[in-house]
Amino acid sequence: MRYGGIRRRRLSLQQLLVISTVVTGIGLFMVTIRPLEPQIRVEFPRKFEHGVSNRSSSGSGSVGSEDPTRNEGNSGARSCATVEEMGEVLRDGFWKESLKVRKIIQNHFILNGASRVRDLPPEQFCRHGFILGKSSEAGFGNEMYKVLTGAALSIMLNRSLIIGQTRRRYPFEDYISYSNDTFTLKEVKHLWRHNGCVRKYGRHLVMRTDDFEKPAETNVLCSNWREWKQPIIWFQGTTNAVAAQFFLKNIHSEMRNAASNLFGDPEVLQSRPNVFGELMRVLISPSKGIEEAVNWVIGGKEDPDISLHMRMLMNRSVRAVQAALKCIRKALKVQHHISRPKLVLVSDTPSLIKSIMPNISEFAEVLHFDYELFKGKTSNDINERQSSEFRVKDWGPAPRWVAFVDFFLASRAKHAVISGAHRRVGTTYAQLIAALAAAQSLGTWDTSTSSSFEFLSSFQSNLLTDGLKNQIGWGHVWNRFAGPLSCHRQPIQCAFTPILPPAWWDGLWQSPIPRDINRLASYGIELSGFGIADTSSLQAHCRSRKKVVKTIPFPL
């Protein structure tokens, strides 16, 4: 009995092992024949599936042999790009479209410029429309974009441009002269009375306002502005290149066509025109005193080849200097015919200028405006207002007018503008320097077959630890590339930069950060994680929203 019991237990154990083996085998067989869940990834064009350039860059930002653009476990798939790879998409191409836009701008001011419109017969004048471009005297880049956005809107809506004044003074009047093709509000009021627009035609002088910075109220996406009947329109809160380009997604085809005719296709980043540079070329010039200062620096010689703008916020960074030097050498490599170039150096931080000048002087002639040396050398008085104390870190310790000398001096660069920074690269000030320089370096249809001008961004490695994620703010040129398609832990980068900062995420390698997805939602646009706008949701938003009309009547 004892042995029999033991034998039965052994037989039960053997049966258990057999059953276990069979079940395991069936399980393995089912796994092998069951299709795997597809891997979620983004497909990119084959031409961008190459190794990352400058992987051997020296400095603390180097990641050695590690390639941040490769997915773990899949050496061939691309999930992100470096800033330089993004920039290769943007290289060249803008010049041809810019010449087309130059012609559009010229024709617009021939037809709608003040010299013609003020002499229209009363009936025609009283039917004519105007756009107000008005700014204060805060940061130059942000405030100039308000005027330029007004100018761009005047073209899209076929209206004349009014430059707004405060206490009968133009914005930055001491430093900038404005085109005679523009009106003042005072002159429009006078002509409205003179032509009897109210008495004869019953047309009151009314201004309709729209504020881009109030998403719940703005009509930038939902209304056909070309149908607005008010004599004057003021588009407020337009402190960067983005606001005017929002019309590219307007639900009305008439507005979309007007915007794309000026700004081009947002999906084709490499051939978008230099709209704001071409507008500045026509609308602004340095005042007499500022021009004297610029010419004093140049000394009657040829214009500079390259300009370097470093916005350091009173910080002195060795990494930023190293990155900038690399970027200068890249610009010189592109312009290989220059033996010893002339380089303009502009910064809000005097200590950085002193530290970087000896390095640059080894291979280039450095031009820098020293306002202390210039004092008393001008025949024209310049208002020497100091920066407000709270603005010293932002603008630097120099008098306010120095920034305008630097701006017009740097925009004389013939071949390249380079932007570097302590935190955010390609601010509105740097964007406008590059835009005006590019416009001035461009020839005509008869003399140009292409342009060799380049806008470059200099990034030290610590700015790219999390990719471009920290390039937040719609005023910064790389903001539309700051999302998940931007590689982390990049080494030093010197990237070709868009002359026209993009407002949408339609182009290659563009992707939004969560902050911008949420912000777009407040305008009624559902944006995917890779920047795809849901047009059907915008249509629904525009149908459901309350119509907002704000007007200001002008007593005559």
Side-chain angles (χ1 to χ4, degrees), residues 103-136 146-173 176-211 219-220 223-236 238 244 247 252 254-255 258-259 261-262 279-280 282-285 547-556:
K103 192 66 176 178
I104 291 173
I105 293 171
Q106 288 173 346
N107 292 338
H108 171 76
F109 283 106
I110 289 172
L111 185 65
N112 294 291
S115 58
R116 176 183 176 273
V117 172
R118 65 168 59 100
D119 293 331
L120 288 174
E123 184 180 2
Q124 292 183 36
F125 179 84
C126 295
R127 290 201 310 265
H128 195 70
F130 302 86
I131 297 293
L132 176 64
K134 182 175 173 59
S135 69
S136 62
K146 294 179 182 178
V147 175
L148 296 175
T149 300
L153 190 57
S154 74
I155 296 172
M156 288 189 275
L157 303 184
N158 198 31
R159 291 172 173 241
S160 295
L161 178 63
I162 299 171
I163 304 289
Q165 293 180 311
T166 302
R167 299 184 186 91
R168 298 187 178 182
R169 287 178 57 84
Y170 285 108
F172 309 112
E173 184 177 288
I176 293 176
S177 299
Y178 294 89
S179 167
N180 291 329
D181 283 326
T182 63
F183 285 94
T184 65
L185 189 57
K186 179 182 178 182
E187 182 183 11
V188 172
K189 288 180 180 179
H190 166 74
L191 291 171
W192 213 258
R193 288 191 301 266
H194 177 75
N195 286 289
C197 295
V198 178
R199 177 172 47 86
K200 293 181 181 179
Y201 307 103
R203 187 158 164 80
H204 294 269
L205 189 60
V206 177
M207 179 169 69
R208 181 167 178 175
T209 65
D210 191 280
D211 195 337
N219 293 283
V220 67
S223 180
N224 187 348
W225 293 41
R226 293 176 70 89
E227 294 180 351
W228 290 7
K229 303 301 182 184
Q230 291 82 2
I232 304 174
I233 296 172
W234 181 16
F235 192 22
Q236 299 172 265
T238 58
F247 290 103
H252 299 277
E254 192 175 5
M255 286 304 302
N261 189 45
L262 187 62
L279 285 171
M280 282 189 290
V282 171
L283 292 176
I284 68 169
S285 58
K547 187 177 181 180
V548 178
V549 179
K550 292 186 176 182
T551 59
I552 300 174
F554 290 106
L556 299 174

Spacing of [X] atom [atom1] and [Y] atom [atom2] [to the nearest 0.5 Å]:
X      : Y      : atom1 : atom2 : answer
Leu161 : Ile131 : CG    : CD1   : 8.5 Å
Arg199 : Arg193 : CZ    : CZ    : 12.5 Å
Trp228 : Ser223 : CH2   : OG    : 5.0 Å
Thr209 : Phe235 : OG1   : CZ    : 11.0 Å
Ile284 : Ser179 : CD1   : OG    : 11.0 Å
Leu556 : His194 : CG    : NE2   : 14.0 Å

### Task
Let me see the working for Asp210 and Ile233 under side-chain contact (heavy atoms from CB on, under 4.5 Å), right down to the final yes or no.
CA-CA 8 Å; Asp210 191 280; Ile233 296 172; 5.9 Å; no
Using modelled atom types only, decide if a donor and an acceptor are shared between the side chain of [X] and the backbone of [Y] within a distance under 3.5 Å.
X      : Y      : answer
Trp192 : Val198 : no
Thr184 : Glu187 : yes
Arg226 : Met156 : yes
Arg208 : Gln230 : no
Arg116 : Leu111 : yes
Ser160 : Asn112 : yes
Tyr178 : Pro171 : yes
Arg159 : Pro231 : yes

Is there side-chain contact between [X] and [Y], with heavy atoms separated by less than 4.5 Å?
X      : Y      : value
Ile163 : Val147 : yes
Thr166 : Lys134 : yes
Leu153 : Thr238 : no
Val117 : Leu191 : no
Leu185 : Phe130 : no
His108 : Ser154 : yes
Val549 : Thr551 : yes

### Task
Taking all non-hydrogen atoms of both residues into account, name the closest pair between Lys200 and Asn195 and its distance.
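In this case the closest contact between Lys200 and Asn195 is CD-O, 3.9 Å.
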### Task
Taking all non-hydrogen atoms of both residues into account, name the closest pair between Leu279 and Leu148 and its distance.
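So the minimum-distance heavy-atom pair works out to CD1-O, 3.7 Å.
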### Task
Please test Phe554 against Ile232 for side-chain contact (heavy atoms from CB on, under 4.5 Å), starting from the C-alpha separation and ending with a verdict.
CA-CA 10 Å; Phe554 290 106; Ile232 304 174; 4.1 Å; yes
### Message
Show, in sequence, the C-alpha distance, side-chain angles and deciding distance for Leu157 and Met255, and conclude whether the side-chain contact (heavy atoms from CB on, under 4.5 Å) test is met.
### Response
CA-CA 9 Å; Leu157 303 184; Met255 286 304 302; 4.0 Å; yes
### Task
Start with the C-alpha gap between Phe247 and Trp225, add the side-chain angles, then the distance that decides, and say whether ring pair (Phe, Tyr, Trp, His ring centres under 6.0 Å) holds.
CA-CA 10 Å; Phe247 290 103; Trp225 293 41; 5.0 Å; yes
#### Entry: Geometric cation-pi criterion, Arg127 with Tyr201: 6.0 Å, 45°
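Judged by the rule (NZ or CZ under 6.0 Å from the ring centre, within 45° of its axis), Arg127 is not positioned above Tyr201.
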